[in-house]
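Note that the structure is a prediction, hence the values are computed from the model and not measured. For reference, positions follow the sequence shown, starting with 1.
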Amino acid sequence: MVLLIAAIIAVVIVYYNQVQQPKWDQKSIATATVLEKSDLVQIEAIHKHVWNEPYWIALGMKEDKSKHYAFLKEGEEEEVPVLLAADSLLTVEQMSEQLEKSKFEKVVHRMTLGIYSNQPVWEIYGSKDGRYYYSFFAADSGELINELQMLK
């Protein structure tokens, strides 16, 4: 029994060291880069978005307490991240309300701020009648940019 528990612990440690640690390292590097290269002094949240190209998207705060999103293209860490005032983009709640008002007919499984065709978007992963879709809406206006249906 003790050997079984030791084996399970060893597998978990190897998993985290081999699989999770590199992801955490990437996130830490992206966070440090955004803080170093931009006017943000604090990062509240950061996530990676990959569509055409991988981007790190961070929500942070400037010294004056104003919230901004930083968009850092992966592989271009020497460049200054693009900053957009958070209040210039729709929030998740505002985008959800807009979808309801427009009678968006898909079940929303995930809504993520991302980059599509070099512009900030809300990426909506949803389904209808057993089909799955990616819908891209302009993050500032909520206007539909493109919708892709996944193959069955």
Side-chain angles (χ1 to χ4, degrees), residues 11-128 131-152:
V11 167
V12 169
I13 290 170
V14 168
Y15 169 77
Y16 278 100
N17 284 335
Q18 298 297 317
V19 176
Q20 293 299 325
Q21 192 62 48
K23 292 178 185 180
W24 294 334
D25 291 345
Q26 286 180 344
K27 190 174 187 175
S28 295
I29 290 167
T31 299
T33 301
V34 168
L35 289 170
E36 178 186 328
K37 302 276 183 180
S38 74
D39 295 340
L40 299 181
V41 295
Q42 179 183 348
I43 301 292
E44 292 180 22
I46 188 166
H47 71 275
K48 188 175 187 177
H49 180 263
V50 180
W51 193 262
N52 301 98
E53 299 175 281
Y55 277 85
W56 285 97
I57 301 169
L59 174 60
M61 202 177 305
K62 287 186 171 185
E63 207 160 301
D64 66 2
K65 305 290 187 214
S66 62
K67 290 188 177 189
H68 287 72
Y69 284 101
F71 296 84
L72 176 66
K73 190 174 183 179
E74 193 171 77
E76 295 186 4
E77 286 79 7
E78 296 305 314
E79 301 296 321
V80 176
V82 173
L83 290 183
L84 294 175
D87 61 8
S88 71
L89 304 179
L90 297 174
T91 64
V92 171
E93 293 80 13
Q94 291 169 324
M95 189 67 223
S96 295
E97 287 174 19
Q98 189 158 330
L99 291 173
E100 284 180 32
K101 288 178 188 173
S102 70
K103 300 192 181 358
F104 187 69
E105 298 177 345
K106 294 165 189 69
V107 175
V108 175
H109 299 286
R110 182 178 62 239
M111 188 181 312
T112 308
L113 187 62
I115 297 286
Y116 180 80
S117 296
N118 294 318
Q119 76 178 85
V121 295
W122 281 108
E123 174 192 292
I124 314 275
Y125 177 64
S127 64
K128 179 182 175 186
R131 306 291 297 206
Y132 291 87
Y133 300 82
Y134 280 96
S135 304
F136 299 93
F137 295 85
D140 57 353
S141 68
E143 180 183 331
L144 179 64
I145 296 170
N146 196 9
E147 186 169 82
L148 305 169
Q149 180 178 323
M150 302 291 96
L151 296 175
K152 228 176 181 182

Discussion item. With salt bridge (Lys or Arg N to Asp or Glu O under 4.0 Å) as the criterion, how do Glu53 and Lys73 come out once you've worked through the C-alpha distance, each side chain's angles and the decisive distance to 0.1 Å?
Written reply: CA-CA 8 Å; Glu53 299 175 281; Lys73 190 174 183 179; 2.8 Å; yes
Show the nearest heavy-atom pair for residues [X] and [Y], with the distance to one decimal.
X      : Y      : result
Leu90  : Ala138 : CD1-O, 4.5 Å
Val121 : Ile145 : CG1-CD1, 3.6 Å
Leu148 : Phe136 : CD1-CE1, 4.0 Å
Leu144 : Ser135 : CD1-CB, 4.3 Å

Compare all side-chain heavy atoms of [X] with those of [Y] and state whether any distance is below 4.5 angstrom.
X      : Y      : value
Glu123 : His49  : yes
Ile57  : Ile46  : no
Ile124 : Leu99  : yes
Asp87  : Lys67  : no
Tyr125 : Tyr132 : yes

Per-pair distances, 0.1 Å, donor-acceptor, side chain in residues 109-120, under 3.5 Å, sequence neighbours excluded:
residue: His109; atom: NE2; partner: Ser127; partner atom: OG; Å: 2.7
residue: Arg110; atom: NH2; partner: Tyr134; partner atom: OH; Å: 3.4
residue: Tyr116; atom: OH; partner: Asn146; partner atom: ND2; Å: 2.6

Discussion item. Restricting to salt bridge (charged side-chain N to carboxylate O under 4.0 Å, His left out), what partner residues turn up for Glu74, sequence neighbours left out?
Written reply: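 For Glu74 the salt bridge (charged side-chain N to carboxylate O under 4.0 Å, His left out) partners, ignoring immediate neighbours, are Lys48.
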For [X] and [Y], indicate whether the former's side chain and the latter's backbone hold a donor-acceptor pair under 3.5 Å.
X     : Y      : answer
Gln98 : Gly142 : yes
Ser66 : Lys62  : no
Trp56 : Val34  : no
Ser96 : Val92  : yes
Gln94 : Thr91  : yes

Item to complete: Apply side-chain contact (heavy atoms from CB on, under 4.5 Å) to the pair Arg131 and Met150, showing each step before the final yes or no.
Response: CA-CA 7 Å; Arg131 306 291 297 206; Met150 302 291 96; over 6 Å; no
How far does [atom1] of [X] sit from [atom2] of [Y], to the nearest 0.5 angstrom?
X     : Y     : atom1 : atom2 : value
Glu44 : Leu40 : CD    : CG    : 10.0 Å
Lys37 : Glu79 : NZ    : CD    : 8.0 Å
Ile29 : Leu72 : CD1   : CG    : 11.0 Å

Practice prompt. Could you walk me through whether Tyr69 and Ser88 pass the side-chain contact (heavy atoms from CB on, under 4.5 Å) test, one step at a time?
Written response: CA-CA 10 Å; Tyr69 284 101; Ser88 71; over 6 Å; no
Worksheet item: Should we count CD of Glu143 as having more than 12 external heavy atoms under 6.0 Å?
Response: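 Open.
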Worksheet entry | With sequence neighbours excluded, residues passing side chain to side chain contact (heavy atoms under 4.5 Å, CB included) with Lys128 |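 Side chain to side chain contact (heavy atoms under 4.5 Å, CB included) check on Lys128 returns Glu105, Lys106, Tyr133.
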